[in-house]
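Bear in mind that the values here come from a model prediction, so they are computed numbers and not experimental data. Every heavy atom of this structure was used, including side-chain atoms; hydrogens, water molecules and symmetry mates were not.
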2 protein chains.
Amino acid sequence: MEFEPEALQTRMKHFKEQLRRAGVKATHQRLEIFREVAKSGDHPDAEGIYKGVHKRVPTLSLDTVYRTLWSLLDLGLITTLGATRRRVRFDANMSSHHHFICAKCGMTRDFYSKKFDTLEIPAAVKALGIVEKTQVEVRGLCISCSKEDNSKSNVSHIKEGK
Amino acid sequence: MEFEPEALQTRMKHFKEQLRRAGVKATHQRLEIFREVAKSGDHPDAEGIYKGVHKRVPTLSLDTVYRTLWSLLDLGLITTLGATRRRVRFDANMSSHHHFICAKCGMTRDFYSKKFDTLEIPAAVKALGIVEKTQVEVRGLCISCSKEDNSKSNVSHIKEGK
DNA sequence: TTCCTAAATAAGAATAAATACTATTTAAGA
DNA sequence: TCTTAAATAGTATTTATTCTTATTTAGGAA
């Protein structure tokens with residue numbers, strides 16, 4: 001479910017194209033921030049993205065990360081993921097896919113399913129507004145969390161470490 | 001999709017029972033905080049809950065709201081909703097249901113679907129860990145947002161007002 | 001009912017995440 | 001190369017959430 005290097009390169013090319021089409025500058029920071037989101041299988045939050053890109057672009061500011069992510073979201077080049085708690089997570093995978101989320105550690109993995117992509121939306125829901133997309137969220141415990149955790153309340157809220 | 005008064009009363013009764021069973025005190029604050037979450041059709045965040053309960057319990061502190069919500073979550077009496085941005089939202093509806101979320105204003109509505117409740121989870125997903133529940137998230141634009149918004153980038157991120 | 005105690009709360013301080021501000025830099029078209 | 005609007009860095013500020021401590025209270029025991 002990760003992208004191979006080729007795929008990432010292709011996506012970077014597309015990305016630049018879309019930036020040009022949208023009339024926004026293809027700055028070094030933008031490219032690297034997008035690359036960071038696009039290459040990760042998990043879905044990093046703003047700080048994770050900042051840390052990753054900072055290694056390559058030491059002058060990067062956190063503000064730029066936030067500003068860039070929200071603007072890419074506005075341009076429709078990335079999406080956000082419902083955070084289990086507080087922090088938003090970002091997703092550069094714009095193809096139709098779904099998520100498995102560990103309720104304990106927040107680990108998130110994409111998965112694909114033709115069947116889930118083509119769910120018939122109930123009429124009552126269509127009446128609520130314009131439907132843009134449908135995504136299935138499977139919650140549970142990832143393997144490592146389910147191993148270490150035999151206490152009473154498994155699916156507790158997430159206490160995300162630094 | 002809202003709960004009638006009777007249903008709310010029943011739920012309050014159940015709630016008290018579950019508190020006793022869990023061995024935690026049925027404080028006035030706890031009851032009112034749960035009532036606030038349970039009675040709302042939308043899914044309020046901590047501050048919204050605080051404001052609602054504060055009218056009835058003027059001495060309530062925001063800290064108590066947070067502490068109470070997380071502990072109810074740990075007890076499995078409420079759940080959280082993937083926030084579209086930043087703030088977590090809480091959900092006292094523990095019966096199997098799904099969500100329509102407006103990508104613009106964040107409005108969220110429950111809906112029910114037997115079909116969605118019984119989706120067959122792909123084997124590849126089951127291999128990721130223990131599956132606890134599956135929820136379908138329909139994103140789009142609610143009626144009022146789709147009316148007022150005819151600009152280019154519809155599905156932008158949420159700028160939640162105070 | 002009154003008393004006792006661990007659990008829960010209020011209030012405000014502290015922390016952390018996200019955003020705003022402003023001077024400086026830079027992409028990209030002329 | 002030159003120009004300029006757009007974008008960024010660095011820092012200040014705001015806002016959400018959690019922590020600390022003194023006080024209050026639910027609920028069981030006497």
Side-chain angles (χ1 to χ4, degrees), chain A residues 15-34 36 44-51 53-54 56-75 77 80-81 83-90 106 156-162, chain B residues 15-34 36 44-51 53-54 56-75 77 80-81 83-90 106 156-162:
Chain A
F15 178 64
K16 286 184 200 171
E17 235 173 79
Q18 288 174 299
L19 287 183
R20 194 170 53 248
R21 203 172 303 159
V24 301
K25 292 182 182 173
T27 63
H28 185 43
Q29 289 88 336
R30 263 185 196 145
L31 295 174
E32 289 307 310
I33 288 169
F34 179 80
E36 189 70 23
D45 59 24
E47 194 171 319
I49 293 163
Y50 172 72
K51 282 181 182 162
V53 179
H54 191 262
R56 284 171 270 146
V57 189
T59 64
L60 183 76
S61 79
L62 186 56
D63 175 66
T64 297
V65 173
Y66 278 106
R67 195 168 10 79
T68 301
L69 289 169
W70 296 131
S71 79
L72 295 184
L73 181 64
D74 287 342
L75 293 172
L77 303 180
T80 55
L81 227 76
T84 317
R85 185 166 180 183
R86 187 147 52 167
R87 292 179 171 109
V88 196
R89 288 160 161 246
F90 298 89
S156 70
H157 62 274
I158 297 178
K159 282 248 167 69
E160 281 169 296
K162 250 258 100 165
Chain B
F15 178 64
K16 285 183 202 173
E17 235 173 78
Q18 288 174 299
L19 287 184
R20 195 171 51 247
R21 203 172 303 159
V24 301
K25 293 182 180 174
T27 63
H28 186 44
Q29 289 88 337
R30 266 187 193 141
L31 296 173
E32 289 307 311
I33 287 168
F34 179 79
E36 189 70 23
D45 59 25
E47 193 170 320
I49 294 162
Y50 172 72
K51 281 182 181 161
V53 179
H54 191 262
R56 285 171 270 144
V57 189
T59 64
L60 183 75
S61 79
L62 186 56
D63 175 66
T64 297
V65 173
Y66 278 107
R67 194 167 13 79
T68 301
L69 289 169
W70 296 131
S71 78
L72 294 184
L73 181 64
D74 286 343
L75 293 172
L77 302 180
T80 55
L81 227 75
T84 316
R85 185 166 181 184
R86 188 148 50 167
R87 290 174 171 116
V88 196
R89 285 156 165 250
F90 298 89
S156 69
H157 63 274
I158 297 177
K159 280 248 166 70
E160 281 168 297
K162 252 258 103 165

Enquirer: Assess whether side chain to side chain contact (heavy atoms under 4.5 Å, CB included) is satisfied between A/I49 and A/T68, documenting all intermediate values.
Expert: CA-CA 11 Å; A/I49 293 163; A/T68 301; over 6 Å; no

Enquirer: Working to the nearest 0.5 Å, report the span between CZ of A/R67 and CG of A/L72.
Expert: 11.0 Å

Enquirer: Would you list the atom pairs, donor with acceptor, under 3.5 Å between side chains in residues 24-34 of chain A and any protein atom, with sequence neighbours excluded?
Expert:
{"residue": "A/T27", "atom": "OG1", "partner": "A/R30", "partner atom": "N", "Å": "3.1"}
{"residue": "A/R30", "atom": "NH1", "partner": "A/K25", "partner atom": "O", "Å": "2.7"}
{"residue": "A/E32", "atom": "OE1", "partner": "A/R35", "partner atom": "NE", "Å": "3.4"}
{"residue": "A/E32", "atom": "OE1", "partner": "A/R56", "partner atom": "NH1", "Å": "2.1"}
{"residue": "A/E32", "atom": "OE2", "partner": "A/R35", "partner atom": "NE", "Å": "3.4"}
{"residue": "A/E32", "atom": "OE2", "partner": "A/R35", "partner atom": "NH2", "Å": "3.3"}

Enquirer: What residues form a side chain to side chain donor-acceptor pair (under 3.5 Å) with A/E17, not counting sequence neighbours?
Expert: A/R21

Enquirer: Whether A/S61 contacts D/dA9 is assessed here as follows: a side-chain N or O lying under 4.0 Å from the phosphate OP1 or OP2. Is that the case?
Expert: yes

Enquirer: If you compare every side-chain N and O of B/W70 against the phosphate oxygens of D/dT18 (OP1, OP2), does one of them come in below 4.0 Å?
Expert: yes

Enquirer: Mind checking side chain to side chain donor-acceptor pair (under 3.5 Å) for A/T59 and listing every partner two or more places apart, or none if nothing turns up?
Expert: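 For A/T59, no residue satisfies side chain to side chain donor-acceptor pair (under 3.5 Å) once neighbours in sequence are set aside.
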
Enquirer: What is the bend of the helix from C/dT1-D/dA30 to C/dA30-D/dT1 when you compare the axis at one end with the axis at the other, using five pairs each and rounding to 10°?
Expert: 40°

Enquirer: Could you state the CD-P distance from B/E47 to D/dT15, rounded to the nearest angstrom?
Expert: 10 Å

Enquirer: Is B/V65 close to B/V53 at the side-chain level, that is, under 4.5 Å between some pair of heavy atoms?
Expert: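 B/V53 vs B/V65: side chains apart.
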
Enquirer: Taking CG from A/L69 and P from D/dT8, how many angstroms apart are they, rounded to a whole number?
Expert: 11 Å

Enquirer: Quick one: B/R30 CZ to D/dA26 P, roughly how many Å, whole number?
Expert: 11 Å

Enquirer: Could you state the OH-P distance from A/Y50 to D/dT8, rounded to the nearest angstrom?
Expert: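 Nearest whole value for this atom pair: 14 Å.
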
Enquirer: A/L31 CG to D/dA6 P: how many Å, rounded?
Expert: 19 Å

Enquirer: Taking all non-hydrogen atoms of both residues into account, name the closest pair between A/S61 and A/Y50 and its distance.
Expert: C-CE1, 3.8 Å

Enquirer: For the side chain of A/L60, starting at C-beta, report the closest nucleotide among C/dA17, D/dT18, D/dA9.
Expert: D/dA9

Enquirer: Could you check whether the side chain of A/D63 and the base of C/dA18 have a donor-acceptor pair of N or O atoms closer than 3.5 Å, going by distance alone?
Expert: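 Answer no: no donor N or O sits under 3.5 Å from an acceptor.
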
Enquirer: Is any side-chain heavy atom of B/L60 closer than 4.5 Å to a side-chain heavy atom of B/T64?
Expert: yes

Enquirer: How long is the line joining CZ of B/R67 and C1' of C/dA11, in whole Å?
Expert: 12 Å

Enquirer: Please report the distance, rounded to the nearest Å, between CD1 in B/I49 and C1' in D/dT17.
Expert: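 Going from B/I49 (CD1) to D/dT17 (C1'), I get 14 Å.
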
Enquirer: Just the atom pairs and distances: protein N or O near nucleotides 27-30 of chain C's N or O, under 3.5 Å.
Expert:
{"residue": "C/dA27", "atom": "N3", "partner": "A/K25", "partner atom": "NZ", "Å": "3.2"}
{"residue": "C/dA28", "atom": "OP1", "partner": "A/A26", "partner atom": "N", "Å": "2.8"}

Enquirer: Looking at CZ of B/F15 and CG of B/L75, how far apart are the two atoms once the value is rounded to the nearest 0.5 Å?
Expert: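 Going from the CZ atom of B/F15 to the CG atom of B/L75 covers 8.0 Å.
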
Enquirer: Starting at atom CD1 of A/I33, determine the distance to atom C1' of D/dT8, rounded to an integer number of angstrom.
Expert: 10 Å

